Structure formats: C-alpha cells, structure tokens
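Everything numeric in this text was worked out from a predicted model, so none of it was measured. The basis for the numbers below is simple: all heavy atoms, side chains too, and nothing from hydrogens, waters or symmetry mates.
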Amino acid sequence: MNELVHATTSDAFLPRVSLVIPIYNGEADLPQLINCLLAQTYPKQKLEYLLVDNNSSDRTPVILQEIATKFPSLIRIESENQIQSSYAARNKGIRAATGEIVAFTDADCRPQPKWLEVLIAPFINLDIAIVVGEITALSPNNLLEHFAARQETLSQKHTLAHKFCPYGQTANLAIRRQALQKVGLFRPYLDSGGDADICWRIQQENIGRLEFAPEAIVQHRHRNTLKELESQWRRYGRSNRYLHELHGVELMRDITLKECGYRLARWLFKELPTDSIKSLAGRASLVDLLNTPIGLFTARARAAGQREAKILETAKIIETL
C-alpha cells in the first residue's frame with residue numbers, strides 16, 4: 001500500500017478544485033452542462049467552475065454572464081479572444097484558477113454527479129500528479145453513433161494503452177497545480193494532441209504518476225454525420241503527426257487504396273453475405289453489416305490527417321504560469 005499520502009488523511013480529503021471548461025459556440029450545450037455541474041456531489045465550498053469563452057459568435061457570452069450572475073460564488077467567466085484554440089482557453093482558465101487541483105472537461109460533455117468526487121480522491125497520494133476518468137457514450141441515436149459506441153471510440157482505455165506513454169483526454173482529466181507550475185501549461189497554438197503532450201511532459205519530468213479512476217465518468221455524444229466523423233478522425237491523424245514531431249511518436253501505417261479495395265471486396269463477397277444471414281436470424285445488427293466500410297472510412301480519414309498535417313513553429317510554444 002502506498003504510504004505517501006496527504007497530511008489530512010485523518011479527515012476527509014477535500015482539496016480545493018478548479019474545473020476549467022473551454023467553450024466555443026456552446027449555446028446548445030450550456031443548459032445541460034450547467035445542470036451537470038450543479039449536480040456534482042463534491043462540496044461546493046471547495047469548488048470553482050471557470051467557463052472560458054473562446055471568441056464565440058452565438059449567444060454563449062450572454063448565457064455565460066446570466067449563469068455567473070445566478071451563481072456568483074461558484075461560477076466564474078473568463079474570455080480568450082486572442083487565440084482561437086481550446087488549449088489557449090484552458091490556459092486562461094488555469095491562470096485564473098485558485099484550486100490545488102485543476103480539472104478539465106468540455107462543453108459537450110455530461111459529467112455524472114459523483115464525477116469530481118471520484119476523480120479527485122486519488123490525489124490523496126502525493127506521488128500522483130494526473131488522474132484520468134472514463135468517457136462513455138450517451139445513448140446512440142443513429143448508425144454512426146452506434147458504430148462509435150461499439151468501438152468505444154472515446155474511451156480512455158485507448159489513450160491509457162498508448163505504446164509511447166499513457167495519457168488522458170481533456171474531456172475527463174485532472175492535474176495537480178504544482179505539476180503545471182513545473183512543466184508549464186498547454187501549447188496554445190496546437191489544435192490537437194495537447195492532452196497527450198502535457199501528460200507526457202509531466203511524466204517525463206518524473207513529477208508524479210498517472211492514475212486511472214474508471215468510476216469517474218463523463219458522458220459524451222458521438223459524431224452523428226459522416227462529415228463530423230471524418231473531421232474527428234482527420235484530427236486524430238493530425239495529432240499523431242504533431243506528437244511525432246514533438247515527442248518522436250511512431251507514425252501510424254498508411255492504408256493504401258489497394259488495401260482498401262481488397263478489404264471492401266472481402267467484405268462485399270464474404271462478410272456481408274454471412275452477416276446478412278445472421279441479421280435475418282436476429283443475430284446481427286446494421287452496425288455489424290456496415291462495420292468494415294465505416295471502419296475503412298475512419299482509417300482513411302486518419303491517414304489523410306496524418307499525411308497532410310504540418311506543425312507550425314508557434315505550436316511548439318509552451319506557456320507558463
């Protein structure tokens with residue numbers, strides 16, 4: 001058992017927590033998000049919510065001000081209008097934060113009531129610098145959402161198993177403020193991969209270890225159009241290219257048109273007939289029938305994102321507290 005624990009273990013471990021949420025055109029998400037924040041079981045007197053508007057063009061700024069007026073002791077509004085980047089917005093929130101622990105989620109996420117309570121608990125061990133919670137899917141409504149839910153696309157199990165080094169996505173992540181003081185903040189000009197970068201920098205400096213809290217759950221809606229799905233997987237590809245440049249991460253193997261054609265032919269003449277029979281017997285769904293072509297679509301999008309991405313010199317900048 002780890003003996004390196006917080007001095008207050010004789011009492012309840014309740015450090016002050018600052019939750020930072022970047023928001024860009026979040027008008028539709030804000031009502032449900034705020035309900036989720038108000039439902040948190042972590043003591044409100046130990047919490048502050050920093051909602052950072054990132055130059056929204058919808059009613060987000062107006063709604064945020066209305067919310068802050070209703071809950072002035074709990075919710076604070078910040079703005080990042082100079083750099084259009086969720087990482088720059090998170091940095092703005094971190095600088096304004098007063099908590100010992102800084103937690104992160106996104107506007108389109110739905111944290112469950114005990115989320116922060118469970119996410120913060122592992123920090124009782126002083127050698128823990130990062131805690132990662134799980135991301136699960138909201139109930140799927142269409143084929144693409146069912147496909148992503150089946151693949152558990154957003155699950156942290158993928159990032160925690162990264163062969164270079166484990167990390168957590170900022171949709172469900174908490175970092176000890178002391179770690180941020182030592183390694184710096186997010187790279188503000190990076191448009192993808194910043195969560196891996198900051199987790200890796202902390203671990204590489206041996207500041208503290210990473211812990212997984214699987215019961216600290218945030219729910220998230222999967223992409224439900226082909227355009228959104230392609231954008232998501234292209235971003236994953238860009239992220240890998242950036243992390244290759246910054247950390248030497250191995251590039252993912254490209255998927256050629258020839259390989260794509262072979263796998264589609266195999267699907268059409270072998271998998272589809274078999275799955276169609278299973279479907280008629282009630283033992284396969286539409287997702288089973290179309291799993292291969294949708295998977296190839298996402299793989300091609302990711303490969304294109306990696307191939308076309310070029311990291312800017314500004315993206316190498318690390319801001320500090």
Side-chain angles (χ1 to χ4, degrees), residues 28-29 32-33 36 105-112 115 132-163 166-169 171-172 192 212 214-240 250-308:
D29 286 308
Q32 289 187 57
L33 172 67
C36 289
T105 191
D106 295 318
D108 56 356
C109 290
R110 303 292 173 258
Q112 299 306 288
W115 171 56
V132 178
E134 182 59 296
I135 305 169
T136 64
L138 288 164
S139 297
N141 293 322
N142 71 7
L143 172 65
L144 296 181
E145 290 181 2
H146 276 283
F147 170 81
R150 173 83 64 85
Q151 300 293 322
E152 297 182 295
T153 300
L154 297 172
S155 174
Q156 302 273 35
K157 71 179 185 181
H158 303 298
T159 60
L160 291 169
H162 197 288
K163 59 184 178 181
Y167 71 95
Q169 300 167 78
N172 194 348
S192 186
F212 181 40
E215 301 303 314
I217 295 172
V218 161
Q219 292 187 307
H220 193 289
R221 173 72 65 197
H222 283 299
R223 275 60 171 182
N224 59 18
T225 68
L226 282 174
K227 182 178 179 180
E228 290 177 341
L229 191 66
E230 181 183 28
S231 176
Q232 177 187 23
W233 283 87
R234 277 181 175 266
R235 180 168 54 81
Y236 291 161
R238 292 200 308 274
S239 173
N240 208 62
E250 183 179 347
L251 290 174
M252 293 173 289
R253 185 180 67 84
D254 202 349
I255 178 168
T256 65
L257 281 174
K258 182 179 179 180
E259 180 182 357
C260 201
Y262 170 78
R263 291 176 62 181
L264 279 175
R266 178 184 173 86
W267 166 75
L268 185 63
F269 295 109
K270 185 174 182 179
E271 297 171 15
L272 187 59
T274 301
D275 289 336
S276 295
I277 294 171
K278 289 181 180 178
S279 178
L280 291 172
R283 292 186 288 113
S285 67
L286 187 59
V287 176
D288 295 308
L289 294 174
L290 299 177
N291 185 68
T292 293
I294 298 174
L296 288 171
F297 176 81
T298 59
R300 290 283 294 173
R302 184 177 63 181
Q306 178 179 266
R307 186 171 57 250
E308 296 164 5

Check: [Y] and [X] side chains under 4.5 Å, non-hydrogen atoms:
X: Leu154; Y: His222; value: yes
X: Phe212; Y: Lys157; value: no
X: Asn172; Y: Val132; value: no
X: Asp275; Y: Trp267; value: no
X: His146; Y: Leu290; value: no
X: Asn291; Y: Asp288; value: no
X: Leu251; Y: Gln306; value: yes
X: Arg300; Y: Ile255; value: yes

| Is Arg221 salt-bridged to Glu228, going by a charged N under 4.0 Å from an acidic O? | no
| message | Rounded at 0.5 Å granularity, tell me how far OG1 in Thr292 sits from CG in Leu264. | response | 8.0 Å
| request: Measure the spacing between CG of Leu268 and CZ of Arg263 and express it to the nearest 0.5 Å. | output: 14.5 Å
| query | Does the side chain to side chain contact (heavy atoms under 4.5 Å, CB included) test come out yes or no for Ile294 and Leu229, once each step is laid out? | reply | CA-CA 10 Å; Ile294 298 174; Leu229 191 66; 4.2 Å; yes
Check [X] against [Y] and note the closest heavy-atom contact, atom names and distance.
X: Val218; Y: Cys109; value: CG1-CB, 3.4 Å
X: Met252; Y: Gly237; value: CE-CA, 4.2 Å
X: Tyr167; Y: Thr159; value: O-OG1, 2.8 Å

| task | Can you spot which of Asp106, Thr105, Asp108 makes a side-chain hydrogen bond (donor to acceptor under 3.5 Å, both in side chains) with His220? | result | Asp108
| field | Audit row: Leu144, Phe297, side chain to side chain contact (heavy atoms under 4.5 Å, CB included) steps and yes/no | value | CA-CA 11 Å; Leu144 296 181; Phe297 176 81; over 6 Å; no
| message | Using modelled atom types and a 3.5 Å cut-off, is there a donor and acceptor pairing between side-chain atoms of Glu134 and backbone atoms of Ser155? | response | no
| query | side chain to side chain contact (heavy atoms under 4.5 Å, CB included) between Gln232 and Arg235: does it pass, once the steps are laid out? | reply | CA-CA 5 Å; Gln232 177 187 23; Arg235 180 168 54 81; 4.1 Å; yes
| request: Could you go through the side chain to side chain contact (heavy atoms under 4.5 Å, CB included) check for Ser231 and Arg223 one step at a time? | output: CA-CA 9 Å; Ser231 176; Arg223 275 60 171 182; over 6 Å; no
| Test applied, side chain to side chain contact (heavy atoms under 4.5 Å, CB included); reference residue, Ile135; option that passes from Gln169, Gln219, His158 | Gln169
